[in-house]
Asker: 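Take this structure first; my questions come after.
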Amino acid sequence: MSSSVATKPSAPPPKAAAPARTQRSVLSRVLARPEVGALAAAIAIFLFFYAVAEPFRTLPAFATVLYASSTIGIVAVGVALLMIGGEFDLSSGVAVATSALAAAMITYQFSLNMWVGVIFSLVVALAIGFVNGYLVMRTGIPSFLITLSTFFILQGLNLGITKLVTGTVATPNASALDGFDSARAIFASDIPLGFMTLKVTVLWWFFFVAVASWLLLRTRTGNWITAAGGNQASARAVGVPVPKVKIGLFMGVAFLAWFLGMHLLFNFSSVQSGLGVGNEFIYIIAAVVGGALLTGGYGSAVGSAFGAFIFGMTTQGIVFAGWDPNWFRTFLGVMLLLAVLVNLYVKNYAAQRK
Amino acid sequence: MTDTIAEHAAPDLKAGTPLVEMEGCGKSYGAIRALEGVNLTVNAGEVACVLGDNGAGKSTLIKIISGLHPHTEGTLRVDGKERHFSSPRESLDAGIATVYQDLAVVGLMEVWRNFFLGSEIRKGKYPMAPLDIKAMREIADAELQKMGIFVKDINQPIGTLSGGQRQCVAIARAVYFGARVLILDEPTAALGVKQSGVVLKYTAAARDAGLGVVFITHNPHHAYLVGDHFIILKLGRRVLDKKRSEVSLEELTTEMAGGQELAELSHELKR
Ligand SMILES: Nc1ncnc2c1ncn2[C@@H]1O[C@H](COP(=O)(O)OP(=O)(O)OP(=O)(O)O)[C@@H](O)[C@H]1O
Ligand SMILES: [Mg+2]
């Protein structure tokens with residue numbers, strides 16, 4: 001074909017003339033991963049509590065830490081993907097409560113099988129996620145504002161409807177309902193390993209993180225998520241279905257919130273209507289500590305797990321060390337600040353010419 | 001080096017058949033009327049050059065064809081069928097690839113991911129199917145080398161490339177994915193003499209492979225090197241529409257500069 005191009009003689013140099021490639025070393029590639037800072041912090045914090053708190057050194061204590069981490073990590077991994085996709089969800093904390101309340105009340109009030117409530121609440125949760133995503137994409141209003149509204153709406157509904165239906169601030173005990181035990185086996189069972197007993201949520205957490213990592217790094221959808229968060233206009237221009245991707249991400253967060261809601265319902269049999277408020281920030285912190293940029297387009301699913309693990313170690317470690325748990329919030333704030341500084345450094349580094 | 005284009009060109013292209021036809025097309029951004037009453041035909045095997053000052057509506061014109069925003073008046077026909085693209089995906093699926101003026105790349109993503117963004121190669125059709133990362137890296141690398149661009153590492157974020165290198169990636173990508181129509185919005189703006197030459201060669205090769213090309217530029221010399229058909233826009237209206245045989249380079253240059261205005265300018269700048 002090229003023979004028909006009139007100006008061929010001055011064609012660019014052939015392959016052989018290419019300057020030698022500088023293949024980056026494995027180490028420098030690993031150091032460029034978003035979750036490296038969180039991994040280092042997790043190790044440091046683990047060693048710290050291992051040194052100062054004797055009860056922290058036992059395996060059952062480790063199981064407790066993992067359980068606490070999983071209850072944050074399950075939603076945080078969805079929040080991390082959402083943030084990589086360039087959006088926020090402030091309603092994720094209350095959506096946990098909404099799901100659990102919806103499942104408990106519909107089943108109890110209509111004397112249904114527990115599984116009907118489980119499915120019903122899944123539909124409710126996905127609808128919340130869809131509405132969040134749809135409104136953000138349709139109006140172009142920042143997701144911070146849209147989901148802040150959803151947060152207040154859901155918080156009010158949680159309290160109001162629970163009061164209307166049950167007359168109190170909590171749902172009645174659901175443990176006697178049909179299907180409760182089989183649902184509990186899936187969402188809240190204990191797994192005896194001999195040397196320690198693990199909550200099933202820990203396994204679910206690992207599973208969700210693995211799926212999210214695969215999705216993000218190895219699939220087309222992951223490419224689209226990163227692109228939609230990194231530069232929405234560019235992503236659209238090259239044919240990425242940005243609204244679909246982002247609505248999907250909001251629904252993903254809602255799904256994981258539902259999952260945690262189911263765990264809490266089947267673990268404790270009854271749900272407080274004020275549950276979950278404030279946790280949305282902890283999910284966001286876990287994602288940011290794990291390397292997600294607030295501006296989108298960069299981050300990691302595994303990082304959110306390190307973030308959640310740091311959270312779990314600290315909440316439990318403070319207890320094991322016998323300190324005043326009030327310090328926990330201060331610690332969380334310091335962690336967030338450090339993480340943001342590290343991320344800023346990483347972003348500048350990544351944007352540098354090499 | 002330009003065989004990529006011939007390999008990827010749709011087999012049914014016949015030189016001279018109209019691929020894109022615009023009739024009385026216009027676009028308003030709210031109260032701003034950026035384009036009105038524009039007719040443009042892009043034939044297979046021809047380069048249509050669109051020239052004009054800043055803000056003349058050139059980018060607005062091609063964004064209608066590439067599906068970034070739909071036209072608000074007139075009709076657009078692609079391959080003879082009336083279309084109203086509501087997303088770039090539809091346009092891409094019709095075999096139209098675009099190099100946007102702002103390049104449409106995602107700075108923090110690797111060069112090869114940017115190259116294949118929106119048209120990824122997968123190892124299966126099922127949801128969650130893995131990407132064929134190895135193939136994509138190799139193809140992106142090879143295509144860039146064909147353009148004479150040697151990036152240090154195909155895995156580096158595209159934001160770490162120079163402006164001209166980024167533009168070359170955007171062009172290589174469009175050339176690779178454009179099967180019927182190639183749209184280039186000021187592709188030589190950031191390029192050195194050598195890479196500009198490469199782009200012009202690619203443009204000519206695309207024409208020879210039977211693609212329809214829309215070439216936007218401020219540079220009448222570049223336009224005249226490859227153009228078969230010239231359109232000059234001014235404030236959203238078409239002020240010149242001539243075939244190559246009907247217009248000389250001087251005429252084109254004068255028209256672009258607004259003839260009279262150029263005379264005045266040369267008077268003003270006289271020392
Ligand atoms: N998204 C937008 N919203 C509002 N007005 C716009 C938008 N995009 C373009 N315009 C207006 O439309 C007109 C034409 O813009 P356009 O980008 O098509 O010009 P152009 O010919 O490509 O200019 P340049 O040579 O600088 O690239 C300008 O007056 C611009 O202000
Ligand atoms: Mg323009």
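Every chain is numbered from 1, with letters handed out A, B, ... down the list of sequences.
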Asker: Please state whether the side chain, the backbone, both or neither of B:R122 comes within less than 4.5 Å of a heavy atom of chain A.
Answerer: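 B:R122 touches chain A through side-chain heavy atoms alone.
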Asker: What do you reckon, is OH of B:Y224 surrounded by more than 12 foreign heavy atoms closer than 6.0 Å?
Answerer: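 It does: B:Y224 OH has more than 12 such atoms within range.
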Asker: About how many Å separate CG of B:L108 and CG of A:L293, when rounded to the nearest 0.5 Å?
Answerer: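 Interatomic distance, A:L293 CG to B:L108 CG, rounded to 0.5 Å: 6.5 Å.
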Asker: Ignoring hydrogens, what is the shortest heavy-atom contact between A:R220 and B:E120? Give both atom names and the distance.
Answerer: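 Looks like CG-OE1, 3.3 Å.
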Asker: Which one, A:A235, A:G239, A:G229, leads in non-hydrogen pairs under 4.5 Å with chain B?
Answerer: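 Looking at each option in turn, the highest pair count goes to A:G239.
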Asker: Mark yes when over 12 heavy atoms from residues, nucleotides or ligands other than B:R244 sit less than 6.0 Å from its CZ; otherwise mark no.
Answerer: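 Yes, CZ of B:R244 has more than 12 neighbouring heavy atoms, counting only those of other groups under 6.0 Å.
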Asker: B:S66, B:S119, B:G118, B:P88: which one forms the most heavy-atom pairs within less than 4.5 Å of chain A?
Answerer: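 Sorted descending by pairs with chain A, the first entry is B:P88.
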Asker: Under a 4.5 Å heavy-atom cut-off, does chain B meet the side chain of A:T226, its backbone, both or neither?
Answerer: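 Both parts, backbone and side chain.
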Asker: How close do B:V106 and A:S234 get, heavy atom to heavy atom, and via which atoms?
Answerer: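 Closest approach of B:V106 to A:S234, heavy atoms only: CG2-CB, 4.3 Å.
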Asker: Identify the two heavy atoms, one from B:L117 and one from A:N223, that lie closest to each other, and give their separation to 0.1 Å.
Answerer: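 Where B:L117 meets A:N223 most closely, the heavy atoms are CD1-O, 4.0 Å.
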Asker: Non-hydrogen atoms of chain A under 4.5 Å away: do they reach the side chain of B:I133, the backbone, both or neither?
Answerer: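 For B:I133, side-chain heavy atoms alone lie under 4.5 Å from chain A.
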Asker: Give a yes or no on whether A:F144 atom CZ has more than 12 heavy-atom contacts from other residues, nucleotides or ligands under 6.0 Å away.
Answerer: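 Incorrect, the count does not exceed 12.
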Asker: Of the listed residues (B:T98, B:D102, B:D93, B:V105), which shares the most heavy-atom pairs with chain A below a 4.5 Å separation?
Answerer: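 The option with the most such pairs is B:V105.
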Asker: Report which part of B:M109 has an atom under 4.5 Å of a heavy atom belonging to chain A: side chain, backbone, both, or neither.
Answerer: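 For B:M109, the contact with chain A is made by the side chain alone.
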Asker: Can you see which heavy atom on B:Y100 is nearest to which on A:A237, and at what distance?
Answerer: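 Looking at all heavy atoms of both residues, the shortest contact is OH-O, 3.3 Å.
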Asker: Work out which heavy atom in A:T219 is nearest to a heavy atom in B:M128; give both atom names and the distance.
Answerer: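 Closest heavy-atom pair between A:T219 and B:M128: CG2-O, 3.7 Å.
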Asker: Using non-hydrogen atoms only, which part of A:A233 is less than 4.5 Å away from chain B: side chain, backbone, both, or neither?
Answerer: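 Neither part.
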Asker: Does any heavy atom of chain A fall under 4.5 Å from the side chain of B:L92, the backbone, both, or neither of them?
Answerer: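 The side chain, not the backbone.
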Asker: Taking B:R89 for the side chain and A:P241 for the main chain, is one N or O donor matched with an acceptor at less than 3.5 Å?
Answerer: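 Not a single qualifying donor-acceptor pair exists.
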